[in-house]
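Keep in mind it's a predicted model, so treat the numbers as computed, not measured. A note on names: the letters A, B, ... follow the listed sequences, proteins ahead of strands, and every chain is numbered from 1.
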Protein chains: 2
Amino acid sequence: MSGASLAVSTVIFALRSSGRFGEDGGERGLWLPLVRRIREPYEGRWALPGGPLGESEGLAEAATSTLAKTTGLAPRYLEQLYAFGDPERSGEQAGSAGKPAASGDRVVSVVYWALVGDDEARAARIGQNVRWFPADDLPALAFDHELIVEYALWRLRNKVEYSRIASAFLGATFTLAQLREVYEAVLGRTLDPANFRRQIEASGVLEDTGEVLTGVRHRPPRLYRYNQAVDLADQGPLGRLAQK
Amino acid sequence: MSGASLAVSTVIFALRSSGRFGEDGGERGLWLPLVRRIREPYEGRWALPGGPLGESEGLAEAATSTLAKTTGLAPRYLEQLYAFGDPERSGEQAGSAGKPAASGDRVVSVVYWALVGDDEARAARIGQNVRWFPADDLPALAFDHELIVEYALWRLRNKVEYSRIASAFLGATFTLAQLREVYEAVLGRTLDPANFRRQIEASGVLEDTGEVLTGVRHRPPRLYRYNQAVDLADQGPLGRLAQK
DNA sequence: CCAAAAGTGTTTAAGATACACCCATGG
DNA sequence: CCATGGGTGTATCTTAAACACTTTTGG
């Protein structure tokens, strides 16, 4: 009936220090895992993890299972990005040295984007054909995956400014400085600590745990947690559907 | 390979006076065309227009062709809304008297939303099983289409505030009052004419045509057109892809 | 001249930004 | 007591909202 087969792919973001992945220190930045293609088309190129949609699987469910298979992680946040379905998107890319696909295999990809926690990503099991890359320094990708990653980054940077998704990169409790560092890394610019504090407090998304973080060689910062009543990401009527 | 067939549906919005469709006068409001289902499941119920994805058709292309088949219209604006693919979404709805679907026919729907012009919608050819309904007073719909329409309305109302999509409801040139009426109808509240003028002027999306609209029994208003250089709807990296 | 909507000006309030300054802890 | 980041106060700038007022047409 339908003229296309259906796949689900996921853009997975983690926030890590910019040295080698798994080490501490240095600037924090966004990283994402890619898988190396072992078949034509684009054999040998890096691509977004994904796979065909299972018979009785929901779309978000398929994205979650891809994420688990690739990294062994569960997403802290998951949202649909876009459905890509141009007939030519499996073919050659302009200016690319990649091998063009044989035509006839039409694939529509429903793409999700996910955020995983800092600590969890560190412990992520990594397979033979899986590697993490800095989001701002990617190799040439298969298919139209470069456009997809670019769009996912754009969505993430927009959304971090009007929702509380930044919390997905952190643990259950955190200091305002840690939260601010997430914002700074995602947005790529520094923020005034004083004004950041006021903005977050005014938004009402934080709760004071009453505890402080000790062991630092300066005044101990308070620990906060996110207010459960505030939705992780405002998606309107889709809210109940998105994070079930 | 894939366990689901693929369909493309479209939520089509027109802005019309709230009397009977095709007449003048009264409040302006959003209307949308629905088609009556002539087969199980949900036979006799109203549903969003749509159909299976053609073999060599792009997703947006399929949405446009559905729109043409249903209303004879070309969209002034078209954007992907969401891909719906829960395995149970073809089944019965809670509290509904509709007939549940036979299971086994899994359908993933990529849904688009479209805006059509006032004047064009008036001349739209209407088929036997197609009827326009006010967006705020819909009958019970088939499948999960009520949720889909609700989400489309939410997106439209959000987007009208930070993009220039309102122009899609108007002709090539228009007065500020006409533009304001579009905003008021979509948002469902009145806006201060003085402040509206300043906001729009400050945003830089309008160009003065130098002409005025005559024949009104008060001071003739200026006619404006939209600045081509400003993108119709900011979709970031997808901009080039969205309106091609 | 009058009604009606176009268009301008002004006042006020709210929000964002910049930055000075005090606080509390480890060493 | 000093260095360091946590946390507070405040002056300033920008933007949005409310609303009085002037302008220009048709009747």
Side-chain angles (χ1 to χ4, degrees), chain A residues 17 24-28 157-158 160-164 166 170-171 173-226, chain B residues 17 24-28 157-158 160-164 166 170-171 173-226:
Chain A
S17 38
D24 269 350
E27 284 275 302
R28 305 230 294 179
R157 288 182 172 130
N158 273 316
V160 84
E161 301 206 82
Y162 65 86
S163 78
R164 35 157 289 195
L170 297 171
T173 66
F174 45 86
T175 69
L176 274 175
Q178 289 169 340
L179 184 62
R180 180 168 46 82
E181 279 161 20
V182 172
Y183 275 75
E184 289 178 344
V186 171
L187 296 176
R189 67 169 190 271
T190 60
L191 301 172
D192 183 301
N195 296 330
F196 181 79
R197 166 179 299 274
R198 269 184 291 261
Q199 281 178 356
I200 296 289
E201 279 175 349
S203 73
V205 299
L206 285 195
E207 275 176 14
D208 194 333
T209 63
E211 296 173 2
V212 293
L213 180 69
T214 55
V216 288
R217 70 185 194 290
H218 54 73
R219 174 172 175 173
R222 292 185 205 157
L223 284 168
Y224 294 87
R225 80 171 70 87
Y226 262 103
Chain B
S17 37
D24 269 350
E27 285 275 301
R28 306 229 295 178
R157 288 183 173 131
N158 274 316
V160 82
E161 302 205 80
Y162 65 86
S163 78
R164 35 157 289 196
L170 297 170
T173 67
F174 46 85
T175 69
L176 275 176
Q178 289 169 339
L179 184 63
R180 181 167 46 82
E181 280 161 20
V182 173
Y183 276 74
E184 289 178 343
V186 172
L187 297 176
R189 66 168 191 269
T190 60
L191 299 173
D192 183 301
N195 295 330
F196 181 80
R197 167 179 298 274
R198 269 184 291 260
Q199 281 178 355
I200 296 289
E201 278 175 350
S203 73
V205 298
L206 285 194
E207 274 177 12
D208 194 334
T209 63
E211 297 174 1
V212 294
L213 180 68
T214 54
V216 288
R217 70 184 194 290
H218 55 75
R219 176 173 174 174
R222 291 186 207 155
L223 284 168
Y224 295 87
R225 81 171 71 86
Y226 263 101

Original post:
What is the distance from atom CG of A:Asp208 to atom OG1 of A:Thr173, rounded to the nearest 0.5 Å?
Top reply: 11.0 Å
Original post:
Checking A:Arg157 side chain against A:Val186 main chain: does a donor-acceptor pair fall under 3.5 Å?
Top reply: yes
Show the distances under 3.5 angstrom between N or O atoms of the protein and N or O atoms of nucleotides 24-27 of chain D.
{"unit_1": "D:dT24", "atom_1": "O2", "unit_2": "B:Arg219", "atom_2": "N", "d": "3.2"}

Subject >> All salt bridge (charged side-chain N to carboxylate O under 4.0 Å, His left out) counterparts of A:Glu184, not counting sequence neighbours >> reply: A:Arg180
**OP:** Flag the pair B:Arg189 and B:Glu161 as a salt bridge only when some basic side-chain nitrogen lies within less than 4.0 angstrom of an acidic carboxylate oxygen.
**Re:** yes
Original post:
Tell me the ring-ring contact (aromatic ring centres under 6.0 Å, His included) pairs involving residues 191-216 of chain B, sequence neighbours left out?
Top reply: B:Tyr183-B:Phe196
Original post:
How long is the gap from CG on B:Leu170 to CD on B:Gln178, to the nearest 0.5 Å?
Top reply: 6.5 Å
**OP:** Please find the earliest and latest nucleotides of DNA chain C, in the 5' to 3' direction, that have an atom within less than 4.0 Å of any heavy atom of chain B.
**Re:** C:dA4 to C:dT10
**OP:** Check for a donor-acceptor pair, side chain of A:Thr209 on one end and backbone N or O of A:Leu223 on the other, with a separation under 3.5 Å.
**Re:** yes
Subject >> Intermediate values then yes/no, side-chain contact (heavy atoms from CB on, under 4.5 Å), B:Tyr224 and B:Thr175 >> reply: CA-CA 6 Å; B:Tyr224 295 87; B:Thr175 69; 5.9 Å; no
Original post:
Under a 4.0 Å heavy-atom cut-off, which of residues 194-203 of chain A touch DNA chain C?
Top reply: A:Ala194, A:Asn195, A:Arg198, A:Gln199
Subject >> With B:Asp192 via side chain to side chain donor-acceptor pair (under 3.5 Å) - residues at least two apart >> reply: none
Original post:
Cationic tip of B:Arg164 within the cone over B:Tyr226's six-membered ring, i.e. under 6.0 Å and within 45° of the normal?
Top reply: yes
**OP:** Rounded off to whole Å, could you give me the CZ-to-C1' distance for the A:Arg222 and D:dG5 pair?
**Re:** 14 Å
